[in-house]
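Naming: A, B, ... by sequence-line order, numbering from 1 per chain.
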Amino acid sequence: MVAKLDKIFNSFVENRIFKNKGVLQTSYTPDTIPHRDKQIEAVASILAPSLRGERVSNLFCFGKTGTGKTLSVQYVTNEILKRIKESGGDNLRVVYVNCKLKKVADTEYRILAEIISSLGESVHSTGLPTGAVYSKFVEIIERKKQLILIVLDEIDQAVKKIGDNFLYTLTRLNSELKNSQISIVGISNSLTFMDNIDPRVRSSLGEEELVFPPYNALQLQDILRERTEDAFSEGVLQEGVIAKCAAFAAREHGDARRALDLLRVAGEIAERESLDKLNLDCIDKANNKIERDKMIDIIENEPKQHQLVLYSIMHLSKDKNYDKIFTGNVYNRYQELCQRTKNDILTQRRISDIIAEFDMLGLINVDVISRGRKGRTREIKMMLPETIKTKAEEILITSLML
DNA sequence: GTCAATTCACATGAAAGAGACCACGGTCTAGTG
DNA sequence: CTAGACCGTGGTCTCTTTCATGTGAATTGACGA
């Protein structure tokens, strides 16, 4: 046994795939951001007045995930802050809020609380009237003459959940403020986000708009090449690895984050298998693993009722009597399952929503179809790859104690 | 045969309720000097 | 006298139910050729 462990540990210590893995982590901020010069310049020129403490136009950045929106904005704000610090000023505060992180900011209240706590004050996570939190916010920023730059990342998520009301309030806040000023930088993954929000908000929020196009495969290669120099030991990467990673990610709408993840996981796989080179095979494995881990993670953390529904769908999709699955089938199977497991039975209305949520998560694929006299319903297809079906089922069975 | 009306089986929306959580302020209690 | 325990109030959040309205093609039935 000891010998075995020795082998594992040794291979780990001896095997030097990575030079610095941190470079590939999402939290890493590189010094240079290739192929985003134009956008960075644009952001910089829009935000530049803040150097003199003047209010800057509200800015709105669009682009799919992993197109460098957050990175560019952070890069520019950091530079501005650095410069202001050098000249001894302190009348600019940058607040970064990621609206996507659950438990951090998925309600108006929490977003506000998050902003306040980034300003160094604290508010309770719940219990206060929202209005009171607004007053507190105003009070805090009014203490001195300053410009508050609020960066709302993944703002589309927040608006989808809680509506655009808070954006309106936030943009209107300026008229109440005497000392300080607020500017908002919104970052959105959805290109159509602006279409369905209140026109008043749209005009004030979108004073400046900036689109981040997806990277193409060649640009992704540049990005990867730059990072890999620091991340991997010399000569570890086999010919074509970068190209393949880039190609994979380009297929996923040019997501650079995805490409870097892919490379990192591939490296980990190579390390674990004590290979001395990272080959194309590792990339394939990494791609599967990422998909797999993502889904397993989702399934594991789903609440019980959702798991019951998911299990019903899985069960039905294995059943040869059903070549197509509809909402009604799922609901019936779900009811049986609940009775067997002594769980409460939710209404069809709720199950309908839960099914829609699974569709969003990509666990299933749903088409709303009309079957004429047989009514309108959803046609449901299981989307789990074969490789994780068994695993997923195991998880559900244990979790539901079937 | 053609065309409009009907019908099914849900989808989709809106509103509201239940229960959990939390802060706040007031009251009670026990420990301390 | 004071710190801490405890309680009721008032607020939010999430999950869920209830009620209402919408939807698109197969089916039906009236109508005319």
Next on the checklist: Can you confirm if the NZ or CZ of Arg36(A) lies within 45° of the ring axis of Tyr75(A) and under 6.0 Å from the centre of its six-membered ring?
Outcome noted: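 Not satisfied by the 6.0 Å and 45° rule.
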Just jot down the salt bridge (charged side-chain N to carboxylate O under 4.0 Å, His left out) partners of [X], sequence neighbours excluded, or say none.
{"X": "Glu86(A)", "result": "none"}
{"X": "Glu41(A)", "result": "none"}
{"X": "Lys244(A)", "result": "Asp284(A)"}
{"X": "Arg264(A)", "result": "Asp261(A), Glu268(A)"}

Checklist entry - Phe62(A) vs Phe60(A) aromatic rings, parallel, tilted or perpendicular, using cut-offs 30° and 60°? => result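 It falls in the tilted class, 30° to 60°.
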For [X] and [N], what is the distance between atoms [atom1] and [atom2] respectively, to the nearest whole Å?
{"X": "Gln348(A)", "N": "dT16(C)", "atom1": "CD", "atom2": "C1'", "value": "15 Å"}
{"X": "Met360(A)", "N": "dT12(B)", "atom1": "CE", "atom2": "P", "value": "12 Å"}
{"X": "Arg371(A)", "N": "dC10(B)", "atom1": "CZ", "atom2": "P", "value": "6 Å"}
{"X": "Asp367(A)", "N": "dG24(C)", "atom1": "CG", "atom2": "P", "value": "14 Å"}
{"X": "Glu379(A)", "N": "dA11(B)", "atom1": "CD", "atom2": "C1'", "value": "15 Å"}
{"X": "Ile345(A)", "N": "dT16(C)", "atom1": "CD1", "atom2": "C1'", "value": "14 Å"}

Checklist entry - So which of residues 349-356 of chain A are in contact with DNA chain B, with a heavy-atom cut-off of under 4.0 Å? => result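 Correct list: Arg349(A), Ser352(A).
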Next on the checklist: Does anything in residues 297-324 of chain A come within less than 4.0 Å of DNA chain B? Heavy atoms only, and list the residues if so.
Outcome noted: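 Within this stretch, nothing sits under 4.0 Å of the strand.
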Checklist entry - Listed by chain and number, what are the ring pair (Phe, Tyr, Trp, His ring centres under 6.0 Å) partners of Phe212(A), not counting sequence neighbours? => result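 Once residues adjacent in sequence are excluded, Phe212(A) has no partner under the ring pair (Phe, Tyr, Trp, His ring centres under 6.0 Å) criterion.
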Next on the checklist: Does the protein touch nucleotides 2-8 of chain B at the base, only the backbone, or not at all? Give it as B, S and - per nucleotide, heavy atoms under 4.0 Å.
Outcome noted: -----BB
Next on the checklist: Just by distance, no angles: are the side chains of Ser399(A) and Gln307(A) close enough, under 3.5 Å, to form a donor-acceptor pair?
Outcome noted: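 On atom types as modelled, these side chains qualify, holding a pair under 3.5 Å.
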Please name all residues satisfying side-chain hydrogen bond (donor to acceptor under 3.5 Å, both in side chains) with [X], sequence neighbours left out, ordered by chain then number.
{"X": "Asp293(A)", "result": "Lys289(A)"}
{"X": "Arg378(A)", "result": "Ser352(A)"}
{"X": "Glu142(A)", "result": "Ser180(A)"}

Next on the checklist: I want to check one thing: is the phosphate of dA11(B), taken as OP1 and OP2, less than 4.0 Å away from some side-chain N or O of Arg378(A)?
Outcome noted: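 Arg378(A) to dA11(B) OP1/OP2: side-chain N or O found under 4.0 Å.
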Next on the checklist: For DNA chain C, which residues of residues 327-334 of chain A approach it to below 4.0 angstrom with any heavy atom?
Outcome noted: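 DNA chain C contact set from residues 327-334 of chain A: none.
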Checklist entry - Side chain of Thr347(A): nearest nucleotide among dA25(C), dC10(B), dT18(C)? => result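 The answer is dT18(C), which lies nearest to the side chain.
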Next on the checklist: Does Lys374(A), at its NZ atom, have more than 12 non-hydrogen atoms belonging to other residues, nucleotides or ligands within less than 6.0 Å?
Outcome noted: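 Check fails, neighbour count at 12 or below.
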Next on the checklist: Quick one, Lys145(A) with Gln181(A), criterion side chain to side chain contact (heavy atoms under 4.5 Å, CB included). Give me CA distance, side-chain angles, the key distance, then yes/no.
Outcome noted: CA-CA 8 Å; Lys145(A) 189 168 164 50; Gln181(A) 298 256 266; over 6 Å; no
